[in-house]
Amino acid sequence: AQTVTQSQPEMSVQEAETVTLSCTYDTSESDYYLFWYKQPPSRQMILVIRQEAYKQQNATENRFSVNFQKAAKSFSLKISDSQLGDAAMYFCAYGGTSYGKLTFGQGTILTVHP
Amino acid sequence: GAGVSQSPRYKVAKRGQDVALRCDPISGHVSLFWYQQALGQGPEFLTYFQNEAQLDKSGLPSDRFFAERPEGSVSTLKIQRTQQEDSAVYLCASSLAWALTDTQYFGPGTRLTVL
């Protein structure tokens, strides 16, 4: 079974600074996807960024980028120029089945200080 | 169009009561997922529908949990004889097709509290 581990229960960052959230996973599959989801206090989960395992190039979406290390099974999220609206719970998720079932980590609460 | 909606947003049940949680996916979305999220934890997969077919129910924690999607749109998650350990937020998500590349859009969840 696949597992996803987020070892940082909480992180904080100053507005306009950069922060990196860590995630490791375990799988025996060779083809899969990895995701970062954001869950603000309103609870609606929103996709931030995704990475296809067979692509060596790290995904980027505006201020969000990932550092994907396949051999190390590591998938970190970097948020640049942090904004107050980035404050939320962030979940790393693994998707390895054909239809999109996701396995989530425990989450990291990100606080952004003005 | 509208996103995924869930009702009720909050549900309080006495232990032993049956509850029904509703999910309205985005119109035209083929795939529908239910997840259970305990307080302070990540969501855990419960079950998956492709149209009206329930293709994976491996995450349902017991036979007290039952889900259906009879017409391939609205889905209902039913919990019989609720227990305190069923207290959680139940999230529904839908996606356009059935590929892993299809973005899952989540609803706001139903917070179930069992007293």
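Letters A, B, ... mirror the listed sequences (proteins, then strands); counts begin at 1. What's counted below: heavy atoms across the whole structure, side chains too, no hydrogens, waters or symmetry copies.
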- Query: So which part of B:T103 gets closer than 4.5 Å to some heavy atom of chain A, the side chain, the backbone, both or neither?
  - Reply: both

- Message: Membership question, hydrophobic clusters at under 4.5 Å side-chain separation (ILVMFWY): are B:I26 and B:F106 in the same one?
- Response: no

- Item | Verify same cluster id: A:L34, A:Y90 (apolar side-chain graph, 4.5 Å) | yes

- To the nearest 0.5 Å, what is the distance between CD (B:Q37) and CZ (A:F91)? 4.5 Å

- Contacts with chain B made by residues 9-22 of chain A (heavy-atom distance under 4.5 Å), listed by residue number: none

- Message: Please classify the contact of B:V30 with chain A as side chain, backbone, both or neither, using a heavy-atom distance under 4.5 Å.
- Response: neither

- For A:Q6, is it the side chain, the backbone, both or neither that has a heavy atom under 4.5 Å from a heavy atom of chain B? neither

- Item | Pick from B:G42, B:G59, B:G40, B:A97 with the largest number of heavy-atom pairs that fall under 4.5 Å of chain A | B:G42

- Message: Count I, L, V, M, F, W, Y as connected when their side-chain heavy atoms are under 4.5 Å apart, and connections chain through other members. Are A:V4 and A:L110 then in the same cluster?
- Response: yes

- Query: Which pairs pass side chain to side chain donor-acceptor pair (under 3.5 Å) with one or both residues in residues 62-77 of chain B, sequence neighbours excluded?
  - Reply: B:W34-B:S75, B:R64-B:D86, B:E68-B:K78

- Task: Give, for atom CE of A:M45 and atom OH of B:Y105, the distance between the pair rounded to the nearest 0.5 Å.
- Result: 15.0 Å

- Item | Any pair counted as disulfide bond (SG atoms under 2.5 Å apart), so long as it reaches residues 80-109 of chain B, sequence neighbours left out | B:C23-B:C92

- Looking only at heavy atoms, which of residues 48-82 of chain A get nearer than 4.5 Å to chain B? A:R50

- Task: Calculate, to the nearest 0.5 Å, the distance between atoms CG and CD belonging to A:L47 and B:Q104 respectively.
- Result: 9.5 Å

- Spell out, yes or no, whether B:F33 and B:L55 are grouped together once hydrophobic residues are joined by side-chain heavy atoms under 4.5 Å, including indirect joins. yes

- Heavy-atom count around A:Q106 CD within 6.0 Å, excluding the residue itself: above 12? yes

- Would one find more than 12 heavy atoms of other residues, nucleotides or ligands at under 6.0 Å from atom CG of B:L39? no

- Say you draw a straight line from CD of A:Q39 to CG of B:L91; how long is it, rounded to the nearest 0.5 Å? 6.5 Å

- At a heavy-atom separation under 4.5 Å, does B:S58 approach chain A through its side chain, its backbone, both, or neither? side chain

- Note on the structure: Here the gap from A:L102 atom CG to B:Y48 atom OH, rounded to the nearest 0.5 Å, amounts to 11.5 Å

- Aromatic contact, B:F45 with A:F104 (centres under 6.0 Å): no

- Item | Interface residue of largest heavy-atom contact number with chain A, from B:V89, B:D56, B:D102, under 4.5 Å | B:D56

- Decide whether B:L77 and B:F66 are clustered together by the hydrophobic rule: side chain heavy atoms of Ile, Leu, Val, Met, Phe, Trp, Tyr closer than 4.5 Å, transitively. no

